[in-house]
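For ligands, and for the atoms within them, numbers begin at 1 and follow the listed sequence.
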Amino acid sequence: MKDSPLYKLASRAHKSQDTVIDVRGHRIGGDEIFMIAGPCAVESEEQIHQIAERISNLGIPFLRGGAHKPRTSPYNFQGLQEKGLELLRDVSNKYNLGIITEVMDLSLLDQVYPHTDILQIGSRNMKNYHFLKELGKTDKPILLKRGMDATIEEWLLAAEYILLGGNEEVILCERGIRTFDTSNRNTLDLAGLALAKELSHLPIISDPSQATGDRKLIEAASMASLAAGADGLMIEVHNNPEVALSDGPQSLFLNQLDEMLPSFERIATAVNKTCSWNKEPEVIKV
Ligand code: PEP
Ligand code: MN
């Protein structure tokens with residue numbers, strides 16, 4: 001890495017202290033481990049209610065769920081779109097959960113904005129610079145996935161586009177990169193995560209689901225991410241992963257998430273952090 005990086009606002013030289021983002025009373029960054037869980041895609045009312053109920057019973061503060069899905073094949077399930085967004089808002093109110101969902105395109109921003117607390121920008125859009133500039137004008141936190149072919153510097157420069165627009169609430173998300181080794185869906189770049197944390201004050205969470213593509217690897221990848229300095233995790237879970245319309249093989253069964261939380265708590269203790277799922281929730285309606 002060069003001595004003076006091209007990014008400025010995202011750098012530790014600009015701000016040495018960790019940025020801590022407050023969403024619905026939960027802190028992303030700093031000394032709390034943030035947790036997001038939910039299906040890859042919102043598929044039906046029954047599906048999202050079952051998952052949301054379990055997540056909220058576990059004390060997990062945030063639900064993920066795609067309403068517009070960036071699928072490799074146009075023949076695959078594309079998401080419930082506006083109906084999916086409405087379902088997310090229903091479960092947010094019923095189970096007091098924060099929502100994160102992807103905005104795939106600038107033309108969808110107005111539709112997605114009112115239904116979510118955090119705007120997710122997908123790996124495929126990390127280099128969509130015009131879109132990033134426009135997101136800089138919004139006033140909701142942005143979760144910026146690392147492009148699957150992006151260097152750490154390109155990722156931080158993408159964050160810089162958003163920061164330059166005036167939105168200071170950028171959360172980085174490591175979701176694995178493409179390497180020569182296709183044994184896993186992607187390669188979780190743990191050293192890259194640690195390096196990004198050192199170079200930037202922005203909070204970073206890890207997405208072990210897209211990174212591994214395999215539910216058997218989620219626990220290890222999550223624990224390793226937290227040990228490497230991740231400020232949180234975003235994990236895919238499903239009430240019936242075997243029939244999931246997207247990313248079933250990497251989605252945990254609901255009881256598996258339950259069983260993994262103690263492992264995450266042990267790492268949290270080792271790195272001197274608390275866990276967002278053990279906090280008393282604030283009741284917020286949108
Ligand atoms: C997802 O989170 O389901 C997703 C599509 O992520 P990514 O943009 O990292 O592929
Ligand atoms: Mn997915």
Side-chain angles (χ1 to χ4, degrees), residues 34-43 47-48 51 55 60 62-74 76-81 84-85 88 98-105 108 112 116-128 131-132 135 141-150 152 154-155 158-159 162 170-179 182 184-189 192-193 196 204-215 217-218 221-222 225 230 232-253 257:
F34 190 59
M35 178 66 93
I36 304 165
C40 181
V42 182
E43 298 172 10
Q47 176 239 24
I48 201 69
I51 298 170
I55 285 173
I60 291 172
F62 262 71
L63 176 75
R64 63 152 288 149
H68 296 276
K69 291 304 302 177
R71 305 304 300 278
T72 305
S73 165
N76 286 342
F77 177 60
Q78 302 288 304
L80 294 182
Q81 307 181 23
L85 293 167
L88 285 173
I99 299 294
I100 173 165
T101 196
E102 178 166 352
V103 198
M104 263 175 55
D105 187 85
L108 296 168
V112 174
T116 195
D117 299 286
I118 302 176
L119 299 161
Q120 177 176 330
I121 305 310
S123 182
R124 292 154 191 82
N125 263 324
M126 192 214 82
K127 292 187 180 172
N128 190 342
F131 187 27
L132 299 178
L135 290 163
I142 309 279
L143 181 95
L144 180 65
K145 294 276 196 115
R146 180 177 179 185
M148 58 190 82
D149 66 345
I152 300 293
E154 287 166 341
W155 188 21
I162 301 170
V170 178
I171 305 149
L172 301 168
C173 179
E174 162 63 29
R175 48 79 72 206
I177 49 173
R178 283 202 165 169
T179 67
T182 52
N184 288 316
R185 183 177 183 185
N186 289 290
T187 297
L188 177 62
D189 185 5
L193 189 157
I204 307 184
I205 70 165
S206 173
D207 174 346
S209 307
Q210 322 305 320
T212 63
D214 181 350
R215 76 173 69 86
L217 301 171
I218 301 298
S222 300
S225 297
L233 299 168
M234 179 159 82
I235 300 181
E236 287 183 347
V237 289
H238 198 284
N239 56 330
N240 194 353
E242 268 133 12
V243 297
L245 297 180
S246 76
D247 287 349
Q250 68 196 32
S251 300
L252 295 180
F253 290 87
L257 182 62

**Request:** Within a distance under 4.0 Å of any heavy atom of Lys69, pick out the atoms of ligand 1 and give their elements.
**Result:** 1 (C), 3 (O), 5 (C)
**Asked** Ile121 pairs by side chain to side chain contact (heavy atoms under 4.5 Å, CB included) with which of Val170, Leu143, Leu132?
**Response** Leu132
**Prompt:** If we only count N/O pairs under 3.5 Å, is Arg64 in contact with ligand 1?
**Reply:** yes
**Asked** So is Arg146 close enough to ligand 1, meaning a heavy atom under 4.0 angstrom away?
**Response** no
**Item:** Under 3.5 Å donor-acceptor, Ser206 side chain and Leu233 backbone
**Value:** no
**Asked** What atoms in ligand 1 come closer than 4.0 Å to a heavy atom of Ser123?
**Response** 7 (P), 8 (O), 9 (O)
**Item:** Counterpart residues, side-chain hydrogen bond (donor to acceptor under 3.5 Å, both in side chains), relative to Asp247 (two or more places apart)
**Value:** Arg185, Gln250
**Request:** Indicate yes or no for a side-chain donor-acceptor contact from Lys69 to the backbone of Cys40 under 3.5 Å, with no hydrogens or angles considered.
**Result:** yes
**Asked** How far apart are the closest heavy atoms of Ala211 and Asn184, and which atoms are they?
**Response** O-CB, 4.3 Å
**Fill in**
For Cys40, the ligand 1 atoms with a heavy-atom partner under 4.0 Å come out as 3 (O)
**Near the Mn ion (ligand 2) (under 2.8 Å) - protein N, O or S atoms** = Cys40 SG, Glu236 OE2, Asp247 OD2
**Asked** Which atoms of ligand 1 sit under 4.0 Å from any heavy atom of Gln120?
**Response** 1 (C), 2 (O)
**Asked** Shortest non-hydrogen contact from Ser246 to Arg71?
**Response** CB-NH1, 3.1 Å
**Taking every non-hydrogen atom, the tightest pair across Leu172 and Trp155** = CB-CZ2, 3.5 Å
**Asked** How far is atom 7 (P) of ligand 1 from its nearest protein heavy atom, and which residue and atom name does that atom have?
**Response** Lys145 NZ, 3.5 Å
**Prompt:** Just which atoms of ligand 1 are under 4.0 Å from any heavy atom in Gly122?
**Reply:** 8 (O)
**Asked** Can Met148 be said to touch ligand 1, with heavy atoms closer than 4.0 Å?
**Response** no
**Asked** Checking Glu174 side chain against Gly176 main chain: does a donor-acceptor pair fall under 3.5 Å?
**Response** yes
**Prompt:** Got a donor-acceptor contact below 3.5 angstrom from the Thr116 side chain to the Ile99 backbone?
**Reply:** yes
**Item:** Test item: Asn186 side-chain N/O and Met148 main-chain N/O as donor-acceptor pair under 3.5 Å
**Value:** no
**Numbered atoms and elements of ligand 1 in range of Arg175, under 4.0 angstrom, heavy atoms** = 7 (P), 9 (O), 10 (O)
**Message:** Please give me the minimum heavy-atom distance between Ile218 and Ser209, naming the atom from each residue.
**Reply:** CD1-CA, 3.7 Å
